[in-house]
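Contents: one structure, followed by commentary.
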Amino acid sequence: MSEGKKARIRVVSRLVEPDGDAHEIKNARSGLLRLTADGWVLEYDDVQDEEKAHIVLTMQPERGHVRMQRMGMVSSVLDFLPGEKIASRYVTVYGEIPVAVDTHSVEICMQEGGGELRLHYDVYMGGERTSGARMEITWRV
């Protein structure tokens, strides 16, 4: 276990809506990388549309599993496991919204001095596919 190392983080998210409309968001953040009993944990604060959130990514490279916890005005815990469609929910001030994440692929590359995470997944609400997404997170310690 480690107490953590400061990390420079780059997050690139690409969302494609069912009508084909695409959006890309690129951010640079500072955070912390540490090894825990649950796996590698990367934490950082995120700001989108003036909304702040704390992100905790737990990565298990040997299983190809990633858990993303988001704590803010909208909170969620999303699990990414290739070939699995996993139910979850978004928690908002207006109530809970059930969602499911259908993960196509998870790539985790841990290297000395940094690493990379690539996720490819679809999000479903009410049984309907609401978006396709690709997320790339790179970090340097």
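None of these values were measured; they are calculated from a predicted model.
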- With R63 via side-chain hydrogen bond (donor to acceptor under 3.5 Å, both in side chains) - residues at least two apart: Q60
- Query: How many angstroms lie between CD in E136 and CD in E107, if you round to the nearest 0.5 Å?
  - Reply: 9.0 Å
- dist K5:NZ -> R140:CZ (nearest 0.5 Å) comes out at 13.0 Å
- Quick one: pull up NE2 in H54 and CE in M71 and give me the separation to the nearest 0.5 Å. 5.0 Å
- Query: Does some side-chain heavy atom of M73 sit less than 4.5 Å from a side-chain heavy atom of K52?
  - Reply: no
- Task: Please check if L15 and I97 belong to a single hydrophobic cluster, counting links between Ile, Leu, Val, Met, Phe, Trp and Tyr side chain heavy atoms closer than 4.5 Å.
- Result: no
- Message: Measuring only between side-chain heavy atoms, which start at C-beta, is I86 closer than 4.5 Å to S88?
- Response: no
- Query: Is E62 atom CD crowded by more than 12 heavy atoms from other residues, nucleotides or ligands, each under 6.0 Å away?
  - Reply: yes
- Task: Please round to the nearest 0.5 Å and tell me the distance separating atom CZ of F80 and atom CG of L57.
- Result: 8.5 Å
- Task: Heavy atoms only: give me the nearest P18-R129 pair and the separation to one decimal.
- Result: CG-O, 3.2 Å
- Hey, does R67 have a side-chain heavy atom less than 4.5 Å from the side chain of L78? no
- Item | D21/H23 under side-chain contact (heavy atoms from CB on, under 4.5 Å): CA gap, chis, key distance, verdict | CA-CA 7 Å; D21 199 15; H23 308 277; 3.7 Å; yes
- Message: Check this for me: does any side-chain nitrogen of one of K26 and E24 sit under 4.0 Å from a carboxylate oxygen of the other?
- Response: yes
- Item | Greater than 12 external heavy atoms within 6.0 Å of R89's CZ | no
- Is the closest side-chain heavy-atom distance between L33 and V41 below 4.5 Å? no
- Message: What I'd like to find out is whether the side chain of V91 reaches to under 4.5 Å of the side chain of V74, using heavy atoms alone.
- Response: no
- What is the minimum heavy-atom distance between L42 and A7, and which atoms define it? CD1-CB, 4.2 Å
- Message: As an exercise, state the distance from CD1 of I9 to CD1 of I137, rounded to the nearest 0.5 Å.
- Response: 8.0 Å
- Message: Please find the pair of heavy atoms, one from G4 and one from L32, that lie closest to each other, and give the distance.
- Response: C-CD1, 3.8 Å
- Message: Between T103 and S105 (side chain of the first, backbone of the second, donor and acceptor by atom type, cut-off under 3.5 Å), is there such a pair?
- Response: no
- Kindly indicate whether the side chain of V66, heavy atoms from C-beta on, has any atom under 4.5 Å from the side chain of L117. yes
- When clusters are formed by joining ILVMFWY residues with side-chain heavy atoms under 4.5 Å apart, either directly or through shared neighbours, do V12 and L119 land in the same one? no
- Task: List the steps, then state whether side-chain contact (heavy atoms from CB on, under 4.5 Å) holds for V101 with D122.
- Result: CA-CA 6 Å; V101 175; D122 291 329; over 6 Å; no
- Tell me whether M59 is reachable from L35 by hopping between hydrophobic residues (I, L, V, M, F, W, Y) whose side-chain heavy atoms are closer than 4.5 Å. yes
- Task: Using atom types as modelled and distance alone, determine if a side-chain donor or acceptor of S13 lies under 3.5 Å from a backbone N or O of I25.
- Result: no
- Message: Restricting to non-hydrogen atoms, name the atom on A22 and the atom on V16 that form the minimum distance, rounded to 0.1 Å.
- Response: CB-CG2, 4.2 Å
- Taking the side chain as every heavy atom from C-beta outward, state whether V99 and Y124 have any pair of such atoms under 4.5 Å apart. no
- Query: Counting heavy atoms not belonging to R14, are there more than 12 under 6.0 Å from its CZ?
  - Reply: yes
- With sequence neighbours excluded, what pairs up with H104 under the ring-ring contact (aromatic ring centres under 6.0 Å, His included) test? H120
- Query: After noting the C-alpha distance and the side-chain angles of V56 and Y44, does the key distance pass the side-chain contact (heavy atoms from CB on, under 4.5 Å) rule?
  - Reply: CA-CA 7 Å; V56 178; Y44 60 96; over 6 Å; no
- Message: Is there a side-chain contact between H65 and V106 in this structure, where contact means two heavy atoms from C-beta onward sitting under 4.5 Å apart?
- Response: no
- Query: By salt bridge (charged side-chain N to carboxylate O under 4.0 Å, His left out), which residues pair with D38, not counting sequence neighbours?
  - Reply: none
- Message: The test is side-chain contact (heavy atoms from CB on, under 4.5 Å); show your working for Y90 and E96 and say whether it passes.
- Response: CA-CA 6 Å; Y90 293 136; E96 293 184 3; over 6 Å; no
- Query: Could you go step by step and tell me if R29 and D45 meet the salt bridge (Lys or Arg N to Asp or Glu O under 4.0 Å) rule?
  - Reply: CA-CA 7 Å; R29 303 285 180 236; D45 290 325; over 6 Å; no
- Message: Could you measure the distance from the CD1 atom of I55 to the OG atom of S76? Nearest 0.5 Å is fine.
- Response: 7.5 Å
- In plain terms, say whether E116 and R10 are close enough for a salt bridge, that is, a side-chain N and a carboxylate O under 4.0 Å apart. no
